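Hydrogens, waters and symmetry mates play no part in the numbers below; they use all other heavy atoms, side chains included. Only a predicted model underlies this, so the values are computations on that prediction, with no experimental measurement involved.
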Amino acid sequence: MSDDLLIGPSSKIRRAQRHVAELEECIQTFLRNDACSVEVEEDQASGSHVLKIVTSKPLPEDIPLAIGDAANNLRSALDILISAFIRKAGGNIAAGSLPIHETKENLVAALQRSEIKKVRPDVAEFILNNIKPYKDGNFGIWALSKLDNVNKHRLIIPVVAVTRLSGISARDENNNIFTNLTVTVDHGRIMNLIQTGARMHITNHGHPAIAILFDEGHPFEGKAVVQTLHHLINLVTEVVESFRTIAP
C-alpha cells in the first residue's frame with residue numbers, strides 16, 4: 001500500500017496507543033492510592049463467601065475519557081482507510097467509511113449501495129470476504145464499532161473488580177487451619193475456597209488482585225479494559241495492513 005493511504009490510519013492507531021498508555025498510568029495511580037478495599041461477607045445460609053469492594057474515591061474522570069478516545073481513534077482509523085481508497089479512485093470521500101453491521105446480510109446490502117463499491121468493487125469484495133465486519137464474522141471489529149457508538153452518547157465507565165485473593169488464612173468449625181491460600185473470584189464470589197465438610201471462616205482476607213473491567217451492557221462485558229484495548233489496537237493494525245494486498 002502506498003504511504004499516502006497509510007498516513008491517516010497509522011496516525012489514528014498511534015494516537016489510540018497513547019490514550020491506552022495514559023489509561024494504564026491513570027489506573028495504576030488510582031490503585032496505588034488505596035482507593036479501594038475488599039470486605040469478605042459470609043452467607044450464613046449457604047456458607048459461601050461473597051466479596052464486597054469498598055471504594056474511598058471515585059474513578060478518575062480521565063479513565064472513561066481515555067477509553068472512549070482510544071475506541072474512537074481505532075474506529076476512525078478504519079473509516080479513514082476506506083476514504084483514502086475512495087479518494088485515490090476519484091470518488092466522494094464524504095461517503096467513505098468502513099461499513100460494520102450486525103449480520104452478513106446487512107453488510108452485503110450496505111456494500112451494494114456504498115461509494116467504495118461504486119469506485120473500487122474489488123475493495124468492497126475484500127471487505128466482505130476478508131475483513132468480515134459483522135458480529136459473526138469479525139467480532140472484535142463489530143464490538144469496537146458498538147463501543148465507539150456508546151461513547152458518542154455516554155461515558156464508558158468501567159467497574160472495579162477483584163479477580164483473585166492470595167495469602168488468605170481460614171479455619172473451619174473443626175478447628176482445621178489453612179494458611180496462604182490463593183482463590184479465584186468470579187462475579188464477586190469466591191470460587192475455590194477449600195471445602196472440608198465443615199463451615200469455613202476466613203481469618204485473613206489476604207491481598208486482592210484488582211482489575212478494571214467493562215461493565216454489563218457493553219460488547220466486551222466482563223473483559224479487562226486495558227488488555228481488551230491492546231487487543232483492538234493489534235486487530236485494527238492487522239486489518240489496515242491486510243489492505244496492502246489490494247492497494248494501487
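Atom CD of Gln227 is separated from atom CD1 of Ile212 by 10.5 Å, given to the nearest 0.5 angstrom. If you take CD1 on Ile67 and CG on Asp62, they are separated by 11.0 Å, rounding to the nearest 0.5 Å. To the nearest 0.5 Å, atom CZ of residue Arg15 and atom OG of residue Ser76 are 12.0 Å apart. In this structure, SG in Cys26 is found 4.5 Å from CD1 in Ile63, a value given to the nearest 0.5 Å. Atom OG in Ser83 sits 10.0 Å away from atom CG in Leu98 (nearest 0.5 Å). Taking CZ from Phe85 and CG from Asp122, the interatomic distance works out to 8.0 Å, rounded to the nearest 0.5 Å.
For Lys104, the NZ atom sits in a loose shell: 12 or fewer heavy atoms of surrounding residues, nucleotides or ligands are nearer than 6.0 Å.
Hydrophobic cluster membership differs between Leu59 and Val159, with clusters built from Ile, Leu, Val, Met, Phe, Trp and Tyr side chains linked at under 4.5 angstrom. A single hydrophobic cluster is seen to contain both Ile82 and Val119, as judged by linkage of ILVMFWY side chains at heavy-atom distances under 4.5 Å, directly or through other members. Side-chain heavy atoms closer than 4.5 Å link hydrophobic residues (I, L, V, M, F, W, Y) into clusters, and following such links, even through other members, never connects Val240 to Ile80. Note on Leu74 and Leu235: same hydrophobic cluster, where clusters join Ile, Leu, Val, Met, Phe, Trp and Tyr whose side-chain heavy atoms are under 4.5 Å apart, directly or indirectly. Under a hydrophobic clustering in which Ile, Leu, Val, Met, Phe, Trp and Tyr are joined whenever their side-chain heavy atoms come within less than 4.5 Å, directly or via other members, Ile127 and Ile141 fall into the same cluster.
Heavy-atom minimum distance, Pro133 versus Leu107: CD-CD2, 3.6 Å. Minimum interatomic distance between Arg87 and Leu5 (heavy atoms only, all atoms of both residues): NH2-CD2, 4.4 Å. In terms of heavy-atom proximity, Leu111 sits nearest to Ala124 at CD1-O, 3.6 Å. Taking every heavy atom of both residues into account, Ala16 and Ala70 meet most closely at CB-O, 3.8 Å. Here the closest non-hydrogen pair linking Leu23 and Ala66 is CB-CB, 3.9 Å. Of all heavy-atom pairs spanning Asn180 and Ser169, the tightest one is N-OG, 4.3 Å.
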Derivation of the side chain to side chain contact (heavy atoms under 4.5 Å, CB included) call for Asp136 and Trp142: CA-CA 9 Å; Asp136 291 335; Trp142 172 85; over 6 Å; no
Candidate pair Arg75 and Asn72, rule side chain to side chain contact (heavy atoms under 4.5 Å, CB included), full reasoning: CA-CA 5 Å; Arg75 179 66 177 95; Asn72 177 258; 5.7 Å; no
Side chain to side chain contact (heavy atoms under 4.5 Å, CB included) evaluation trace for Ile233 with Gln17: CA-CA 7 Å; Ile233 286 170; Gln17 290 171 326; 3.8 Å; yes
Pair Thr103-Tyr134, side chain to side chain contact (heavy atoms under 4.5 Å, CB included): steps then yes or no: CA-CA 5 Å; Thr103 66; Tyr134 51 91; 5.7 Å; no
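For the pair Asn151 and Leu147, the minimum side-chain heavy-atom distance is 4.5 Å or more. Inter-residue side-chain proximity for Val20 and His230 is flagged as met; some heavy-atom pair is nearer than 4.5 Å. Contact of the Lys223 side chain with the Leu213 side chain is not registered, since no non-hydrogen atoms from C-beta on lie closer than 4.5 Å. Here the side chains of Pro60 and Phe30 are in contact, with some heavy-atom distance below 4.5 Å. Two residues are said to be in side-chain contact when any heavy atoms from C-beta on lie closer than 4.5 Å; Glu125 and Asn130 fail this criterion.
When atom types are taken as modelled, the side chain of Asp148 and the backbone of Leu144 share no donor-acceptor pair closer than 3.5 angstrom. With hydrogens and angles disregarded, no donor-acceptor distance shorter than 3.5 Å links the side chain of Ser97 to the backbone of Asp79. Side-chain N or O atoms of Asn73 include one that pairs as donor or acceptor with a backbone N or O of Asp69 at under 3.5 Å. Within the 3.5 Å criterion, the main-chain N or O of Ser242 finds a donor-acceptor partner in the side chain of Thr245. With hydrogens and angles disregarded, no donor-acceptor distance shorter than 3.5 Å links the side chain of Gln112 to the backbone of Val108. A distance-only check finds a donor-acceptor pair linking the side chain of Asn138 to the backbone of Ile131 [under 3.5 Å]. A distance-only check finds no donor-acceptor pair linking the side chain of Arg154 to the backbone of Val150 [under 3.5 Å]. Using modelled atom types, one side-chain atom of Glu115 and one backbone atom of Asn92 make a donor-acceptor pair closer than 3.5 Å.
Look at Glu25 and Arg32 and you find a salt bridge, because one of the NZ, NE, NH1 or NH2 atoms lies within 4.0 Å of a carboxylate O, short of that distance. The residues Glu102 and Lys146 are annotated as salt-bridged, a charged nitrogen and a carboxylate oxygen being separated by less than 4.0 angstrom.
The aromatic rings of Phe220 and Phe139 sit perpendicular, their planes meeting at an angle over 60°, well past the 30° parallel limit.
Between the side chains of Asn234 and Thr237, no donor N or O sits under 3.5 Å from an acceptor N or O.
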